[in-house]
Amino acid sequence: MDPFIALADPIRRDLLRALASGPARVVDLAARHPISRPAVSKHLRLLTEAGLATVEDHGRERHYALAPAGLAPVRALLDELAGRRPPIPESAFDALDLEVRRTVHDRRAGTDAARGTASSQEESA
């Protein structure tokens, strides 16, 4: 199932919010909603099929957890719509730091050279 279709339902979005705080049993998730436990189980199954949740059996209980990697297509679309660019790599900041240091050094060297020229002109006058 497409994660966008899975997120279209308000019950499933609320289930994901609950799973964001940590894994939960079906019975605990069902207690939060005015629908039957089998209906909650169906919603959870759809979230699992969409890659938005994972499930583990612990004896007779099923424990569901959020699968953050499943949200990657949604995050990518939101970033695209917001006009965000991919994160700047650390190496780019290193290069920027080096360029700033060079510029500061060159300016200091230019200022020192200008002072030296002014001093020699004053001495010759």
Side-chain angles (χ1 to χ4, degrees):
M1 170 180 260
D2 186 319
F4 294 97
I5 294 171
L7 290 171
D9 187 278
I11 298 267
R12 290 193 286 268
R13 288 192 305 267
D14 190 55
L15 289 169
L16 285 176
R17 284 186 194 100
L19 294 176
S21 352
R25 302 176 307 159
V26 175
V27 67
D28 297 328
L29 294 168
R32 300 171 46 129
H33 298 284
I35 59 175
S36 68
R37 196 160 69 189
V40 169
S41 291
K42 183 177 179 182
H43 283 293
L44 289 166
R45 182 176 49 81
L46 293 173
L47 288 172
T48 303
E49 288 174 8
L52 299 171
T54 59
V55 62
E56 286 186 21
D57 290 329
H58 294 274
R60 296 182 341 162
E61 296 179 337
R62 299 193 83 169
H63 293 243
Y64 286 85
L66 181 67
L71 293 170
V74 177
R75 187 173 294 112
L77 175 66
L78 293 174
D79 287 347
E80 179 185 330
L81 294 175
R84 294 187 189 156
R85 300 194 186 338
I88 299 171
E90 193 66 32
S91 61
F93 288 114
D94 293 340
L96 178 62
D97 181 56
L98 178 63
E99 190 58 34
V100 168
R101 290 174 188 269
R102 281 184 190 161
T103 303
V104 168
H105 180 267
D106 291 348
R107 284 189 181 167
R108 284 185 183 153
T111 304
D112 292 344
R115 284 188 196 148
T117 305
S119 297
S120 63
Q121 287 176 354
E122 289 174 1
E123 290 173 3
S124 62

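For this chain, numbers begin at 1 and follow the sequence in order. Reckoned from all heavy atoms, side chains included, excluding hydrogens, waters and symmetry mates.
Inter-residue side-chain proximity for Tyr64 and Thr48 is flagged as met; some heavy-atom pair is nearer than 4.5 Å. Proximity of Leu16 to Leu7: side-chain heavy atoms (C-beta onward) are separated by under 4.5 Å at one or more points. With a 4.5 Å cut-off on side-chain heavy atoms, Leu52 and Leu66 do not count as touching. A 4.5 Å side-chain heavy-atom check between Asp94 and Leu98 finds every atom pair outside the cut-off.
Within 6.0 Å of atom NE2 in His105, 12 or fewer heavy atoms from other residues, nucleotides or ligands are found, so the atom counts as exposed in its surroundings.
Criterion: ILVMFWY side-chain heavy atoms under 4.5 Å apart, direct or through other members. Under it, Leu78 and Ile5 are not part of a common hydrophobic cluster. The same ILVMFWY cluster, assembled from side-chain heavy atoms under 4.5 Å apart, contains both Val74 and Ile11.
To the nearest 0.5 Å, atom CG of residue Leu77 and atom CG of residue Leu71 are 12.5 Å apart. One distance of note links OG1 of Thr54 with CG of Leu47; it measures 11.0 Å at 0.5 Å rounding.
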Listed pairs under 3.5 Å, donor-acceptor, residues 26-37 side chains, sequence neighbours left out:
residue, atom, partner, partner atom, Å
Asp28, OD1, Arg25, NH2, 2.9
Asp28, OD2, Arg25, NE, 2.9
Asp28, OD2, Arg25, NH2, 3.3
His33, NE2, Asp14, OD2, 3.2
Ser36, OG, Ala39, N, 3.2

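A donor-acceptor pair is defined here as one N or O able to donate and one able to accept, closer than 3.5 Å; no such pair exists between the side chain of Arg62 and the backbone of Asp57. Not a single donor-acceptor pair under 3.5 Å links the side chain of Arg12 to the backbone N or O of Leu46.
The heavy-atom pair separating Pro73 from Pro3 by the smallest distance is CG-CG, 4.2 Å. The minimum heavy-atom distance between Ala6 and Ala50, with the atom names listed, is CB-CB, 3.7 Å.
Taking Ile, Leu, Val, Met, Phe, Trp and Tyr as members and joining any whose side-chain heavy atoms lie under 4.5 Å apart, directly or through other members, the hydrophobic cluster of Val100 also contains Leu96, Val104.
Under 4.0 Å is where a charged nitrogen must lie from a carboxylate oxygen, and between Asp97 and Arg101 at least one such pair does.
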Next item on the list: Let me see the working for His63 and Val55 under side-chain contact (heavy atoms from CB on, under 4.5 Å), right down to the final yes or no.
Entry: CA-CA 6 Å; His63 293 243; Val55 62; over 6 Å; no
